[in-house]
2 protein chains.
Amino acid sequence: MTTHSLPFYKTDHFRNEKNNVTIQSMAKTLGVSVTTISRVLNGLGEQFRISKKTIELVTTTADKLNYRPNNIAKGLRLKKSSTIGLILPDITNTWFAQLALGIEKEARKHHYNIFLCNSNDDIKVEKKSIALLQSWMVDGIIIAPIGLESEHLQKASKSGTPLVLIDRFFEGVNLPYISSNDFEGSLEATQYLINYGHKKIACFQGIVGTSPNNQRVNGYKQALKKNKIPLTRPW
Amino acid sequence: MTTHSLPFYKTDHFRNEKNNVTIQSMAKTLGVSVTTISRVLNGLGEQFRISKKTIELVTTTADKLNYRPNNIAKGLRLKKSSTIGLILPDITNTWFAQLALGIEKEARKHHYNIFLCNSNDDIKVEKKSIALLQSWMVDGIIIAPIGLESEHLQKASKSGTPLVLIDRFFEGVNLPYISSNDFEGSLEATQYLINYGHKKIACFQGIVGTSPNNQRVNGYKQALKKNKIPLTRPW
DNA sequence: CTGAAAGCGCTTACAG
DNA sequence: CTGAAAGCGCTTACAG
C-alpha cells in the first residue's frame with residue numbers, strides 16, 4: 001500500500017467506498033479472486049488445493065481487518081438464513097424464559113440465531129409475528145401458541161415454514177409438538193393428596209381450552225374417579 | 001393462466017422454480033415491471049401515479065398469493081437490516097426478561113426485529129455474540145454487559161455498530177448507557193432503616209466490580225456516613 | 001406515468 | 001489449482 005499522503009479513503013483499498021471490509025475489497029487489494037477468498041474463509045482452502053501461502057495471507061488479513069462475513073448476503077445467496085424464529089406468549093414468565101434460554105443455547109451450538117417475538121397472549125400479534133418471521137426467511141419457527149386457534153399455524157406450515165409447537169398443542173391437528181406430561185403430573189399430584197387422606201381437593205385451572213389445562217384437569221378428574229371421589233363444583 | 005393439465009410447477013407462473021412468490025414472478029405473470037410492483041407494495045403507488053387499476057391488481061394478487069417480501073434481499077440492498085441485537089447475561093432472570101419484553105415491544109412498533117443472545121455471564125460468549133450480531137448487520141446492539149471488561153465493546157462501537165449499554169456501565173468509558181438509579185435507591189433504603197432506629201445494617205453485595213453493585217454499596221456507605229454510623233465488616 | 005438495468009455481498013457451477 | 005460470471009430478491013437512479 002502506498003504511504004504518501006493521499007486521503008484515507010483513497011489509500012485504504014481494503015475497504016469499499018462505504019467503508020466496509022468485504023470479500024471483493026480484499027480480493028482487489030490482495031490480487032486474488034473472490035472465489036479463492038470465499039473458499040479459504042469457509043475452510044475449503046485445503047480441498048481446493050489453494051497454496052499455503054495464499055491461505056495464510058487471506059486468513060491473516062481477514063483477521064487483521066476484523067472482517068465480518070455478511071450473513072445477509074450469504075442468506076440470500078444460499079436461500080437459508082441460519083435463523084430460527086421463536087414466538088413466546090411472554091418472556092417474562094420464567095417458564096418461557098427457560099425455554100428461550102435452552103433454545104438459544106442449543107441454536108448457538110449450530111451457529112443459528114434466534115429471532116425473539118412475544119405474542120403477548122394476543123392472537124393478532126401471534127399472526128403478525130409469523131408473517132414477520134417468514135419475511136425474515138427463518139429456517140423454522142418454534143412457537144408456544146396462544147392455544148385456541150390453529151389455522152394460521154397450519155397455513156404457515158403448509159406454505160413451507162417448518163413449525164414446531166412447544167408447551168401447547170392442538171388435539172386432532174397434525175403439527176409436531178413437544179410438551180410436558182401434564183396429564184400424568186396432575187394425576188400424580190392429585191393421587192398424592194388422596195394418599196394423605198384428603199377428600200376435598202380443589203383444582204385451579206389455567207387458561208381454559210388450552211392443551212396443558214385440558215390435560216391437567218383430565219388428570220385431576222381421573223384421579224378422583226379412580227378413588228371414587230365424586231367431582232363437585234364449588235358453586 | 002392455462003387450465004389444461006400441465007404439471008403444477010408449469011402452470012403456476014406466479015411462483016418461480018423454487019416455488020417462491022417473488023416480485024419478479026408476479027411481474028412476469030401480471031405483465032408489469034418489478035419496479036411497479038415494488039413501488040405499489042411499498043405504498044408508493046400514489047406517489048408515482050400508478051393507475052388505480054394496477055395498484056388494485058398488484059395488492060390483491062400479492063394478498064391472494066400470500067406474498068412475503070424477502071427481508072434478507074431488502075436488507076442487502078438497503079444495507080440496513082431493521083434488526084437489533086440484544087445481549088443479555090441470562091434471560092431467565094426476571095429483570096432481564098422484563099427488559100427483553102419491553103425492548104421487543106418497542107422494536108416491533110417500528111418494524112424492527114430482535115436477535116436474542118444470552119451471554120451466560122461469560123465474557124467469551126459475549127464477544128462471540130457481538131461478532132455474530134455484526135455479521136447479521138444489525139442496525140444496533142443493546143447489551144447488558146458482563147461488566148468487567150469493555151475494550152471489545154468500544155471496538156465494536158468504533159467499527160460502526162451503534163451500541164448502547166443497559167443496566168451496567170463502565171465509569172470513564174465513553175459509551176452511551178441506561179441504568180437504574182442504584183445509588184439513590186440504596187441510599188434511600190438504608191436511610192429508611194436508620195429512620196426506624198436500626199444501627200447494625202448489613203449490605204449484601206451483588207457482583208463485585210460491576211456498576212450497579214458499586215453504586216449500591218456507595219449509597220449504603222453514604223447513608224451510614226451521613227448518620228455517623230461506623231462502617232464495619234462482619235469478619 | 002413506466003420500466004430496464006445496476007448493484008447490495010456472497011457462493012458455486014463451469015470453464016480453463 | 002484458479003477465476004470470471006451468474007444469480008439470490010430486492011430498490012432506485014436514470015432514461016424515456
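What you see below is based on every heavy atom in this structure, not just the backbone, and it leaves out hydrogens, waters and symmetry mates.
- Distance A:K28 NZ to C:dC10 P: 13 Å, rounded to the nearest Å.
- To the nearest angstrom, P of D:dT2 lies 12 Å from CG of A:L57.
- At whole-Å resolution of the value, CH2 in B:W136 and C1' in C:dG9 are 13 Å apart.
- Using a 4.0 Å cut-off on heavy atoms, the residues of residues 36-56 of chain A that approach DNA chain D are A:T36, A:R39, A:F48, A:R49, A:I50, A:S51, listed by number.
- Separating the CD1 atom in A:I114 from the OG1 atom in A:T83 is a distance of 8.0 Å, to the nearest 0.5 Å.
- Atom NZ of B:K74 is separated from atom C1' of C:dG7 by 17 Å (rounded to the nearest Å).
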Pairing string, 5' to 3', for DNA chain C - Watson-Crick or wobble contacts under 3.5 Å, brackets [ ] where pairs cross, | to another strand: |||.||||||||.|||
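- Distance A:N70 CG to C:dG9 P: 7 Å, rounded to the nearest Å.
- B:E126 contributes a side-chain N or O that, together with a main-chain N or O of B:I146, makes up a donor-acceptor pair within less than 3.5 Å.
- With A:E149 as the fixed residue, the salt bridge (Lys or Arg N to Asp or Glu O under 4.0 Å) test singles out one of A:R168, A:K127, A:K124: A:K127.
- Separating the CD1 atom of B:I23 from the P atom of D:dG9 is a distance of 11 Å, rounded to the nearest angstrom.
- In terms of position on DNA chain C, the residue among B:T35 and B:L78 whose nearest nucleotide sits closer to the 5' end is B:T35.
- The distance from atom NZ of A:K79 to atom C1' of C:dG9 is 16 Å, rounded to the nearest whole Å.
- A salt bridge links A:K109 with A:E106: at least one charged nitrogen is closer than 4.0 Å to a carboxylate oxygen.
- Among residues two or more places apart in sequence or in another chain, the side-chain contact (heavy atoms from CB on, under 4.5 Å) test is passed with A:Q205 by A:V208, A:N213, A:V217.
- Salt bridge B:E46/B:R39: absent, no basic N to carboxylate O contact under 4.0 Å.
- Phosphate proximity of D:dG9 to B:T22: absent, as no side-chain N or O sits under 4.0 Å from OP1 or OP2.
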For residues 156-163 of chain B, tabulate all N or O donor-acceptor pairs below 3.5 Å that involve a side-chain atom, not counting sequence neighbours.
{"from": "B:S159", "atom 1": "OG", "to": "B:Q134", "atom 2": "NE2", "distance (Å)": "3.2"}
{"from": "B:S159", "atom 1": "OG", "to": "B:A156", "atom 2": "O", "distance (Å)": "2.8"}
{"from": "B:T161", "atom 1": "OG1", "to": "B:Q134", "atom 2": "NE2", "distance (Å)": "3.0"}

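- Taking 4.0 angstrom as the limit, B:Y67 places none of its side-chain polar atoms (N or O) nearer than this to OP1 or OP2 of D:dG9.
- Atom CG of A:L76 and atom P of C:dT12 are 13 Å apart (whole Å).
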Scan the side chains in residues 92-105 of chain A for donor-acceptor partners under 3.5 Å anywhere in the protein, sequence neighbours excluded, and list what turns up.
{"from": "A:N93", "atom 1": "OD1", "to": "A:W95", "atom 2": "N", "distance (Å)": "2.8"}
{"from": "A:W95", "atom 1": "NE1", "to": "A:D167", "atom 2": "OD1", "distance (Å)": "3.3"}
{"from": "A:E104", "atom 1": "OE1", "to": "B:N118", "atom 2": "N", "distance (Å)": "3.3"}
{"from": "A:E104", "atom 1": "OE1", "to": "B:N118", "atom 2": "ND2", "distance (Å)": "3.2"}
{"from": "A:E104", "atom 1": "OE2", "to": "A:R108", "atom 2": "NH2", "distance (Å)": "2.9"}

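- Evaluation of the ring pair (Phe, Tyr, Trp, His ring centres under 6.0 Å) rule for B:F169 yields B:Y177 as partners, not counting sequence neighbours.
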